[in-house]
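Contents: one structure, followed by commentary.
Just so we're on the same page: letters track the sequence lines, and every chain starts at 1.
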Number of protein chains: 2
Amino acid sequence: MNFSLSEENYLKTIFHLEQHFKEGVSTNAIAEKLETKPSSVTDMVQKLAEKEVIRYVKYKGTTLTEKGRKVAIKIIRKHRLWEVFLVDKLDFQWDEVHEIAEQLEHIASEELINRLDEFLGFPTVDPHGDPIPTKEGLIKNSQKRLLSKLSVGEQGICVGVKDSESEFLKFLDKKNIAIGSQIEVLSKEEFDHSLQINLDGKLLYISKLISDNLYIKLDG
Amino acid sequence: MNFSLSEENYLKTIFHLEQHFKEGVSTNAIAEKLETKPSSVTDMVQKLAEKEVIRYVKYKGTTLTEKGRKVAIKIIRKHRLWEVFLVDKLDFQWDEVHEIAEQLEHIASEELINRLDEFLGFPTVDPHGDPIPTKEGLIKNSQKRLLSKLSVGEQGICVGVKDSESEFLKFLDKKNIAIGSQIEVLSKEEFDHSLQINLDGKLLYISKLISDNLYIKLDG
DNA sequence: AAATATTTTTAGTTTTGTCTAAAAATAAAA
DNA sequence: TTTTATTTTTAGACAAAACTAAAAATATTT
C-alpha cells in the first residue's frame with residue numbers, strides 16, 4: 001500500500017506522540033505537532049482508519065495498528081539514516097540536518113535505503129543519539145539519556161537539550177557546554193542531586209536543574 | 001520564489017523539449033512527456049506564465065524565460081549529481097537510478113546539493129554522459145555522442161541507446177554490446193558508413209543502422 | 001478555397017488536503 | 001449537579017492539479 005507525503009507525516013507524528021500518551025493520541029496533540037487545525041486532523045485520521053493503519057475512536061484519540069507502526073518505523077529509519085549521511089559524509093552540523101532529513105525521509109525506494117545503510121556501515125544511532133530501526137523494523141531503546149539519569153562513571157556526548165529556552169542556552173554557552181561536548185559523571189551529591197562532571201577534560205559542577213535538561217548519548 | 005513538485009517537473013520537461021523545438025514547445029509534447037492531458041498542460045503553462053518563468057502565447061507554444069531556465073538547470077543539476085551518488089557510492093547500475101533521482105531532484109536545500117557536489121569530487125558528467133551544470137548554472141555541451149558521429153581513433157563507453165526496441169536490444173546482446181562496454185572506432189567504410197570497432201578488446205563490424213542508435217560517452 | 005483533421009483551449013468536475021465557523025461531546029469548575 | 005470551558009467533530013468552502021467533454025483555432029488535404 002502507498003501513502004502520500006501527508007499521510008506519512010501523520011503516521012510518523014502519531015508514532016512519536018504515542019510514546020507520551022497512555023491512551024490514544026489526542027487530535028489536538030497531532031494538530032499542534034503538525035502545525036495544522038484539529039478539524040484537518042479529524043479528516044485525516046478518519047481516512048487513515050479506513051486504510052487500517054490506525055485505530056480511531058471518536059473523541060477518544062488514535063493509536064497505530066501493527067501495519068501503521070511498520071510504516072512509521074520505515075519512515076523513521078529513513079530519516080535517521082539520512083541524518084547520519086548528512087553529518088558523517090557531508091559534514092553537516094547536528095542542528096542543521098533535521099529539516100533536510102524531513103524531506104529525504106519520503107524518498108520511496110527500499111533498495112536505496114538499504115544500500116545507504118550499508119554505505120554508512122550499518123549505524124545503530126543517529127547523530128542525536130536516537131536508535132535507527134533495522135531493515136526488519138526492530139528498534140532498540142534510545143541510547144540518549146538525561147544527564148541527571150546517568151550513574152557515576154558513565155560518559156557520553158551532549159546531543160541536545162530538553163527545554164531550549166534562550167536563557168538556558170545562554171547559560172550553557174557561558175559554561176562552555178555545547179552540542180558535541182564530551183561529558184563524564186565524576187560524582188553525585190545526594191543532598192541536592194548536583195553533579196561533578198568532566199567536561200572536555202575540565203572539572204565542572206552542575207545543578208539538578210541543568211542536568212535535567214541535557215541529553216547525553218552514551219559512548220559505545 | 002518557490003515551486004511545487006509539479007511546477008518543477010513542468011519546467012524541467014520544457015527545458016529538455018526546447019532542445020528539439022525550433023519555436024515554442026507544443027502543449028501536446030509536454031503532455032506526452034509528462035503523461036498527462038493537454039488540457040492540464042494548458043492550465044499549468046498559464047500559471048507558469050503568470051510567474052514569469054515561461055513565455056506562453058496561445059496556440060503557439062511556450063519557451064522558458066531566463067528565470068525559468070535557471071530553475072530548470074538547478075533541478076537538472078540535482079538530478080545528475082544524485083545519479084552520480086547512486087552509481088559511484090551506492091553501486092547502483094545506470095539503468096536503475098533514473099526513477100530514484102526523479103524524486104531526489106526535488107529536495108530543496110541548496111547547501112545540500114553543493115556539499116554533495118564536493119563529496120562526489122565535482123563530477124562534470126552523470127553516469128549517462130550528460131553534463132552536470134555548475135553551481136553557477138553553467139552547462140557544458142554533452143559528452144554523449146552517437147557512435148556514428150565519432151571519428152576514427154575516438155573512444156568511450158556505451159551509455160545508452162536511442163531507440164530501445166526489444167529487437168534492437170536483443171541484437172546488442174547477441175553481439176555482446178552492453179551499457180558499460182568500452183568502444184573505440186578503428187576505421188570507417190565510406191561506402192555504407194559501417195564501422196570497424198574495438199569492443200572491449202575484440203574486433204567487431206557495425207552497420208550504420210546500429211551506430212546511429214548507440215550513445216557513447218567520450219573518455220576524459 | 002473549402003473540407004477535414006489535428007491541436008489547443010475553455011468550461012465544468014473531481015480528488016486531496018487544507019481551512020473557518022458552528023455544533024456536539026467531554027472535561028472541569030462552581 | 002448545573003454551568004462553563006475545552007476538545008473534537010461536522011458541514012461547507014477553497015486551492016492545487018488533475019480530468020472529461022466540447023468548442024475554438026490552426027494545419028493539412030483534397
Pair up each side-chain donor or acceptor in residues 19-42 of chain A with any protein partner under 3.5 Å, not counting sequence neighbours, and list the distances.
from	atom 1	to	atom 2	distance (Å)
Ser26(A)	OG	Ala29(A)	N	3.1
Thr42(A)	OG1	Pro38(A)	O	3.2

Verify the distance criterion only: is there a donor paired with an acceptor across the side chains of Asn9(B) and His106(B) at less than 3.5 Å? yes

Below 4.0 angstrom from OP1 or OP2 of dT8(D), is there any side-chain N or O of Asn28(A)? yes

Does dT8(D) have its OP1 or OP2 closer than 4.0 Å to a side-chain nitrogen or oxygen of Tyr56(A)? no

Which residues share a ring-ring contact (aromatic ring centres under 6.0 Å, His included) with His98(B), sequence neighbours left out: His79(B)

Please list residues of residues 1-24 of chain A whose heavy atoms come under 4.0 Å from any atom in DNA chain C, ordered by number; otherwise none.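 Those residues are Ser4(A), Ser6(A), Tyr10(A).
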
Go through residues 34-46 of chain B and report each residue with a non-hydrogen atom lying under 4.0 Å from DNA chain C, sorted by number. Pro38(B), Ser39(B), Thr42(B), Gln46(B)

Just the table, please: protein N/O against nucleotides 25-27 of chain C N/O, every pair under 3.5 Å.
from	atom 1	to	atom 2	distance (Å)
dA25(C)	O4'	Tyr59(A)	OH	3.3

Applying the side chain to side chain contact (heavy atoms under 4.5 Å, CB included) criterion to Ile216(A), which one of Val159(A), Ile183(A), Leu146(A), Ile157(A) satisfies it?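 Output: one option passes, namely Ile183(A).
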
Ring geometry between Phe85(A) and Trp82(A) (parallel below 30°, tilted from 30 to 60°, perpendicular above 60°):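 Ring orientation of Trp82(A) relative to Phe85(A): perpendicular.
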
Around atom CD of Glu111(B), are there more than 12 heavy atoms from other residues, nucleotides or ligands closer than 6.0 Å?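 Yes, enclosed.
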
Whether over 12 other heavy atoms sit under 6.0 Å from Lys70(A) NZ: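 No, not enclosed.
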
For Phe119(B), is the NZ or CZ atom of Lys89(B) found under 6.0 angstrom from the centre of its six-membered ring and inside 45 degrees of the ring axis? yes

Arg145(B) to Tyr215(B) six-membered ring, cation-pi geometry met (6.0 Å, 45°): no

Those residues at least two apart in sequence (or on a different chain) that pass side-chain contact (heavy atoms from CB on, under 4.5 Å) with Val71(A) are Phe3(A), Leu11(A), Ile75(A)

